[in-house]
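Read through the structure below, which is laid out as C-alpha cells, and then see the notes.
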Number of protein chains: 2
Amino acid sequence: MDASTGRDRDFTVVGRALAAPARSAMVGLLMDGTARPAGELARAAGVGAPAASEHLAVLAAAGLVTGRARGRHRYYALAGPEVADALEALGALAVPVPAVGFRRTREADRLAAARFCYDHLAGRLGVGLAEAWVTAGWLADPEDLALTGAGADGLRGLGVDVDGAVAARRPTTRACLDWTERRVHLAGSLGAAVGARFLAAGWVARSSGRGLRLTASGRDLVRDTWGVEPVGGTGIGGTGAPTVVSAASGRA
Amino acid sequence: MDASTGRDRDFTVVGRALAAPARSAMVGLLMDGTARPAGELARAAGVGAPAASEHLAVLAAAGLVTGRARGRHRYYALAGPEVADALEALGALAVPVPAVGFRRTREADRLAAARFCYDHLAGRLGVGLAEAWVTAGWLADPEDLALTGAGADGLRGLGVDVDGAVAARRPTTRACLDWTERRVHLAGSLGAAVGARFLAAGWVARSSGRGLRLTASGRDLVRDTWGVEPVGGTGIGGTGAPTVVSAASGRA
DNA sequence: ACGACGGTTCGGCGCGCACCGAAACGTCCC
DNA sequence: GGGACGTTTCGGTGCGCGCCGAACCGTCGT
C-alpha cells in the first residue's frame, strides 16, 4: 500500500503462498492435476494435520488451490490450468539447483522425458508430439495450437475423445510452455483428452507422482508414427538431445 | 528436505524472494528492463537504504536480479529475459484484484494497451504487432515466432537493427505470454531491437514506469500499415476489444 | 446409538525475518 | 587531501509466521 506512480501487479500473495517449504511441496504434488485429500498432502509435506490445514487455507486464499469436500475427506487440487502453467513457468527459473546425486538425477531425467503437467502430457514426449502434430498439419501452429480438421480425424482415429474436448467449457487447445524443454506442448481440454487416452490405452503409465513411463506399445507408436523418441539415451546432460527426428524448422 | 519419492522443482526460493512487499515492488519497477540504482529502488519501495540493500541481496541470491557497480552507484536489473517471462506469467494469476478507483484503472488500462515487458513491446500493441506480422509472413508462427526472410527485410525497412539482433547471443526471437491478453508477443533480441527502434523513432514514448504511450506518428504507422489499434476506445471492460482488424484466424 | 476417523479451529511457543540506527567502505568532487 | 554521498555491513529490536497439542465438528461404519 503506497509507493510511487502506477502500482504494478503484486507478486506478494502468490509469493508468500509459495514461500513455505511445506506449501511448495504440496503444490508440487498437485502439479499432476490430481485431487488429493488433506491428510495425504500433510504426510507428503512432513507436517501435522493442523499445519497442513492452515497451509491449504493459505493456498486457497491465494487462489492457487481449491478444496472440495467429498465424504469425510476433503480433496484439494490446483485451482485451474492457468495456475499449472504459471507454476510451470516458475519452475524454469529454479533450475540452477545442482541436482547431483543418483536418485535426484534419475528422477529429474524421468520427469524431463515424460510427465503429466496438470492434466496433459509434458516433457520431451509432450513437446515432441506437439511439434510432430504441427508438422503433420493436425495442429495449426499459432500460439494456441488450434485443432485442424485433419487433426480431429487423426486424433479420433487414436481413440481420443475429440468431441468431448471441444464441447468442454475450457479452451479446447492451448500452448503450455515446458520448463525442461522451453518449448510448448499441447494443453487445454484437448490436451487433457489426449493425456487421458494415452493413459487408458496403456501407451504411458504413471511412475512416481507426475512422472510417466512410456510403455513398449507407446514407444513403438510414437516412434513409428511420428518419429518421436523422448527416451533420449543416457539422459546425461539433460536437455541436449533433439526431440523430433524429422525436421521441424524451416517454413511453415 | 525430505518427503516422499521424487522431489519436484522447489518454488520456495523464488517464492520467498517475492514474498516481501518491498521486494515485490522493486521487482515490479524493474519489469521494464531498466537498471536502477539501489537508492531509487529503496525510495520506491518505501524502505531505508539498509533494508533495500538486504532485499536486493536476497533477490540476487534467488537469481532474480543482478547488480553492477558503476561509479559510486550500484545498478540493479532483472537477471534476464526468462525472469521477466516467468514474472509476466505469474502476473496473470494475480488479476483477481478488483482494481476499482480512478487512478488505478486508468493506469492499468494504459499498461494493458501498451507497455514494455522487460525490453520488448507488450500489451495490446505487442500482441497486435506479433499477430499482424505473422499474418504478413514476417514471422513464422511456431512457438518461437521465427523470423522469415521477408520479415528481416520488412523490419530493416523500419530501421530495426535486425543484424545486430541475430548476432546477439540471446535467442533472436521468442514468444512471451502476455498477462493482459493471454496471447503471445515478440520477445528475444529481435523483440528488444524492435522495442528500441519504436522508442528511438518516437512511435512510442515512455509514460509512467513501464507504461507506453503511442504517439500520433506511431498510431498512424501501426493502424495504416498493419491495422493494429491498441488504444481500444473507452478501455472500460478491458480485454474485450479485438486487437487486429484483419482476420488472424483460419488456416495458417 | 456408539466409537473411529478425517479435518478444522484454537492457544501457545519459538524461530526467523524485516526494519532501523550506527558505523565502515568506496567513489566522486573541490 | 577533505568532505559529501551512495552503498553495504553490523547489532539489535519487534512483529509475524510456522509448528504443534488439545479440543471441536463432521462423516462413516456397525
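All of these numbers come straight from a predicted model, not from anything done at the bench. Residue numbering restarts at 1 for every chain, and letters A, B, ... go by the order of the sequence lines.
Partners of A:Ser217 under the side chain to side chain donor-acceptor pair (under 3.5 Å) rule, at least two apart in sequence or in another chain, are A:Thr215. Applying the side chain to side chain contact (heavy atoms under 4.5 Å, CB included) test to A:Ala35 and every residue at least two apart in sequence or in another chain returns A:Tyr75, A:Ala77. By the salt bridge (charged side-chain N to carboxylate O under 4.0 Å, His left out) test, B:Glu40 pairs with B:Arg36, sequence neighbours left out.
Taking atom NE2 of residue B:His55 and atom P of nucleotide D:dT7, one finds them 16 Å apart after rounding to whole Å. When the P atom of D:dC28 is taken as reference, atom CZ of A:Arg70 falls 12 Å away, rounded to whole Å. The separation between A:Arg43 atom CZ and D:dC20 atom P is 14 Å, rounded to whole Å. When the C1' atom of D:dT8 is taken as reference, atom OH of B:Tyr76 falls 8 Å away, rounded to whole Å. Going from atom CZ of A:Arg74 over to atom C1' of D:dC28 covers 18 Å, rounded to whole Å. In this structure, CD of B:Glu54 is placed 9 Å from P of D:dT9, rounded to the nearest angstrom.
As judged by a 4.0 angstrom heavy-atom cut-off over every strand, B:Ala49 is placed among the base-contacting residues. Within the 4.0 angstrom heavy-atom criterion, only backbone atoms of the sugar-phosphate kind lie near B:Arg23; the bases stay farther away. At the heavy-atom level, B:Tyr75 lies nowhere under 4.0 Å from the strands shown. At a threshold of 4.0 angstrom between heavy atoms, the contacts of A:Arg16 are confined to the sugar-phosphate backbone, with no base atom among them.
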Under 3.5 Å, which N/O atoms of the protein pair with N/O atoms of nucleotides 22-26 of chain D?
none

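The two residues A:Gly67 and A:Arg74 come nearest to each other via the heavy atoms O-NH2, 3.6 Å. Between A:Arg206 and A:Thr34, the shortest heavy-atom contact is NH2-CG2, 4.1 Å. Minimum interatomic distance between A:Leu158 and A:Arg197 (heavy atoms only, all atoms of both residues): O-NE, 2.7 Å.
Bounding nucleotides for the chain B contact on DNA chain C, 5' to 3', at a heavy-atom distance below 4.0 Å, are C:dC17 to C:dC28.
If A:Gly48 and B:Ala57 are placed on DNA chain D by their nearest nucleotide, the residue sitting closer to the 5' end is B:Ala57.
For residues 59-70 of chain B, no pair satisfies side chain to side chain donor-acceptor pair (under 3.5 Å), with sequence neighbours left out.
Under the 4.5 Å side-chain criterion, counting only non-hydrogen atoms from C-beta, B:Arg213 is not in contact with B:Val204.
For A:Ala51, the side-chain atoms get nearest to D:dC19 when compared with the rest of D:dC19, D:dT8, D:dT7.
A tilted orientation is assigned to the rings of B:His185 and B:His120, their planes being inclined by 30° to 60°.
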